[in-house]
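First up is the structure itself, then whatever we jot down about it.
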Amino acid sequence: MQNEKVALFIIFGGSGDLARRKLYPSLFRLYQKGYLDQHFAVIGTARRPWTDDYYHQIVTESLSDLQATDEQVAAFASHFYYQSHDVTNAEHYVVLEELAKKLDQKYELQDNRIYYMAMSPNFFGTIAKHLKSEQILTEDGFNRLIIEKPFGHDYQSAEELNEQIRASFAEDQIYRIDHYLGKEMVQNISAIRFGNNIIESLWNNRYIDNIQITLSEALGVEERAGYYETAGAMRDMVQNHISQIATLLAMEPPVSFSATDIRHEKIKVLRSLHIDTPEEARRNFVRGQYGPATIDGTRLEGYREAEQVASDSKTETYVAGKMEFENYRWAGVPFYVRTGKRLAKKATRVDIVFKQLPMNIFKTVSDDDKLGDNVLTIYVEPTEGFGLRVNAKRLGQGFETRPVDLDFRHSAAAAGNSPEAYERLLLDALNGDSTNFTHWDELSQTWKFADVIEQVWAETTPTDFPNYASGSMGPEAATELLARDGRHWIYDPTQALPKE
């Protein structure tokens, strides 16, 4: 088959939640579409003493929500092999290499290998070291390493981890995955910017007043409470996902739409990201933690009530703040960002707020001197599409204006048939396309940015936690953050929509 990819996947953490929820379904979708066919195999490794047959059962169960025949699922699962594996034991890598060689011959895999680290980051460096020392890396085919976040806990730990991995893999072999970069509408940021002169010509500080990035979640920490206690919203969302979205919004047009040129522009704009002083961090960033609330008769527990969370936890479940890029295009334009758990509604969106006209000629017949904001919105999830808010004449006598939303949303059917983020990124890795993965130079800059804020917070114990109720849009301080600059959050699902 023309589009068929040839490779052996070795998944460290093959029994884990990520593999079951994301990796196996995504690989199966690639199989259904013909990108994977006869010439692929998967080795799942973990400590558990499973058999191949039991592993096939696990893989099959992970596909239960997908439309497929039993025969197709069975044929797909037959390419999966399991090895009980201790990642610290060198002898286990010898056994792994024997199995890999056997499968390479059986499926004619051309020594192409993708190593996926779907387990605790504590073992990333150890695995990379053994892959080289036990000579599992091949000479004739490609060797590509996919790494999940978190990539370090701060800049220092991330740098140490990077050095460990780079001892075995070159930078162009390392694929640091950020699944937000695989989302349809995040990838559309480049299309709407660089594919439309009407947009790109206005994409600067002459016309844009501010940019707002919102990643709000209606759910609490749920089963991730243990991890969240060690991470918090800054490390979990801002340092990676939000920073990557901001980078795509702020970068200069690349020479070409290639991984090398895009990466060059992303790194360049991140070098212009202003690193706050401690005093600026205190002023520019707000943290919060959700408390309990009763909504429609249902009680929602507070963060401190979740299992594995300390009763006096100081971990933030909400962050709002201001990022600034100090370059010719963006000087004076704040990028307001926010993310939080247990907020009013699940929504990932970008709101580009344009500057007001210098004069409102309708003010003599309007109750307010100020016209409504012109806003370009990129809806990432749960719906996907674009919106443009403009001012128009209100129906009736007189010349009073009102905001009008021009909206385009992908249909549910179209969105449902669109590739899922992990499916896109796995195919990119198979193709050797690192466009939608993160380079170390990008990570290093975002860690330096986040570290200052984390250090300030570590030195100042919050006395008001929990400081926002479940089902709200975060603490009042987040609203005040923008109000100080004479601005407001464009998206607020807790506010009633204006009537016609």
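The aromatic rings of F408 and F386 lie parallel to each other, with less than 30° between the two planes, well short of the 60° mark.
In this model, a donor atom of one side chain and an acceptor atom of the other lie less than 3.5 Å apart for Y336 and D485. Between the side chains of T317 and Y468, a donor-acceptor pair is found at a separation under 3.5 Å.
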Exercise. Check the pair H241, H179 against ring pair (Phe, Tyr, Trp, His ring centres under 6.0 Å), reporting the backbone distance first and the verdict last.
Key: CA-CA 8 Å; H241 305 320; H179 71 274; 5.0 Å; yes
Quiz item: Is there a ring pair (Phe, Tyr, Trp, His ring centres under 6.0 Å) between Y55 and Y81 once you walk through the steps?
Solution: CA-CA 7 Å; Y55 188 38; Y81 299 80; 8.8 Å; no
Quiz prompt | Worked check of ring pair (Phe, Tyr, Trp, His ring centres under 6.0 Å) between F9 and Y116 | solution = CA-CA 7 Å; F9 294 85; Y116 202 117; 8.5 Å; no
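Aromatic ring centroids of Y82 and H56 lie 6.0 Å or more apart.
Exactly one residue among R338, E217, M473 makes a side-chain contact (heavy atoms from CB on, under 4.5 Å) with L343. That residue is M473. When the options F80, Y422, F76 are evaluated for a ring-ring contact (aromatic ring centres under 6.0 Å, His included) with F28, the one that passes is F76.
Under the rule for a salt bridge (Lys or Arg N to Asp or Glu O under 4.0 Å), the partners of R113 that lie at least two apart in sequence or sit in another chain are E97.
Because its NZ or CZ atom is both nearer than 6.0 Å to the ring centre of Y180 and within 45° of the ring axis, K183 counts as a cation-pi partner of that residue.
Inter-residue side-chain proximity for I245 and L249 is flagged as met; some heavy-atom pair is nearer than 4.5 Å.
Under a 4.0 Å N-O distance rule, the pair R176/E171 qualifies as a salt bridge.
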